[in-house]
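Counting starts at 1 for both ligands and their atoms, following the listed order.
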Amino acid sequence: MIIKEEIQANRLDRGYERYKEEFNNKALEVLNSGWYVLGEEVKGFEREFARYLGVENCVGLASGLDALWIAFRILGIGKGDEVIVQGNTYIASVMGITINGATPVFVEPDEYYCIDASKIEEKITSRTKAILVVHLYGQASDMDTVMEIAGRYGLKVVEDCAQSHGAKFRGRMTGTFGDIGCFSFYPSKNLGAFGDGGAIVTNDSAIAEEVRVFRNYGSEKRYYNRVVGANSRLDELQAGLLRVRLSHMQELEEERKNLCRKYLEKLHNPRIILPHIRDGATHVWHQFVVRSKERDRLAAYLKERGIGSIIHYPIPPHLSEAYSDLGMKQGCLPITEEYANTVLSIPLYIGMNEEEQGYVTDTMNEYA
Ligand SMILES: *Cc1c(COP(=O)(O)O)cnc(C)c1O
């Protein structure tokens, strides 16, 4: 077997090269402007991203984690309150809950790796205040059921859209169903900056105004501080670069979709379980996640042949050392834990060429 040049799990340089001149020009424009935090680029990005989603308000923040914890803070959810969330998420989703002193209550995922909405109701108690929906890997969750349950029990709904920019459920963008949608623009996300960034989106203008004040030390007017807030501002450089990427979102989405369509068509190995798509949902393919019983052997096999892969995520939050105080033992969430032991994200990035993908596909199909 000839080992080819290494094919990495992700290649951010290719995404930069695609619009290099536009990115470079925008960066110089911002540097030359003499204004670097909370200015016209941030306002422009907030307006354009809100329009893209079909939502009233967008407030730029410093990260996706900030969007999450600030969302719960503004909704008044904290100590003594419970928030329902799926077990198999990135730990930041859970930190968004616990930073405020609230308690995460985990629900098992469905076959699409999102919350199994049929298992939410049995976890609701008198302390439950909200459901945090994570549209994991880029696929929209079952929002019909989530919103129906939330409505019936009077629960808030927060959406973690860090992986789902542009994903829809029944024609409507993720992030616009609940009270608040939280986005991350970390460089590897589908809408990625060149550093950290995040945003809260909401149709509730009062919430948007609270977030706007909160992100800037709780200051409504310069040096007049109404609440104890945070410093969580999207900067001008990131906002400007995000506007460039957002203007190409349609073609970027198409490219990922085409790559994954090819994976779905060409991968056929009974040892490897492929992802599938829920009725009514769209998938924007933040990751192409397969499952295999002998996942670690598969990852080692690929590595030997020059192919990178990543596990999203090897340790579920409830078993993480950071959450040992929750006292949850191995076996508490069998489906979540099985996913943690079997999932593998294979190479997928903007600019992945036919030769690279063909090599990954052939190598995966030859795995025995
Ligand atoms: C990336 C991510 C976050 C955190 O976003 P940051 O911008 O890195 O803070 C939260 N939730 C999910 C599901 C993510 O993938």
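Residue nearest to atom 10 (C) of ligand 1, selected from S184, A92, G96: A92 (by heavy-atom distance).
Below 4.0 Å from some heavy atom of G64 lie the following atoms of ligand 1, by number and element: 5 (O), 6 (P), 7 (O), 9 (O). Close approach of ligand 1 to S63 is summarised as follows: ligand atoms under 4.0 Å from at least one heavy atom of the residue are 7 (O), 9 (O).
Of the listed residues (E253, E22, E255, R18), just one forms a side-chain contact (heavy atoms from CB on, under 4.5 Å) with H248, and that residue is E22.
Protein heavy atom nearest atom 9 (O) of ligand 1, with residue, atom name and distance: L65 N, 2.9 Å. For atom 11 (N) of ligand 1, the nearest protein heavy atom (residue, atom name, distance) is D160 OD2, 2.8 Å. At the shortest separation from atom 14 (C) of ligand 1 among protein heavy atoms lies K189 NZ, 3.1 Å.
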Just do the ring-ring contact (aromatic ring centres under 6.0 Å, His included) check on Y112 and Y137 with the steps written out, would you? CA-CA 9 Å; Y112 308 100; Y137 305 146; over 10 Å; no

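Atom OH of Y186 has 12 or fewer heavy atoms from other residues, nucleotides or ligands within 6.0 Å.
With rounding to the nearest 0.5 Å, the separation of CZ in R14 from CG in N10 is 11.0 Å.
Judged by distance alone, with hydrogens and angles left aside, the side-chain atoms of N216 form no donor-acceptor pair with the main-chain N or O of S219 at under 3.5 Å.
Looking at T98 and Y323, their side chains come closer than 4.5 Å, going by heavy atoms from C-beta outward.
Ligand 1 lies out of reach of H286, whose nearest heavy atom is not under 4.0 Å from it.
Ligand 1 has no nitrogen or oxygen under 3.5 angstrom from a nitrogen or oxygen of L136. For Y90, no nitrogen or oxygen atom sits less than 3.5 Å from a nitrogen or oxygen atom of ligand 1, counting backbone and side chain alike.
A cation-pi arrangement is absent between R73 and F214, since the terminal nitrogen or guanidinium carbon is not both under 6.0 Å from the aromatic centre and inside a 45° cone about the axis.
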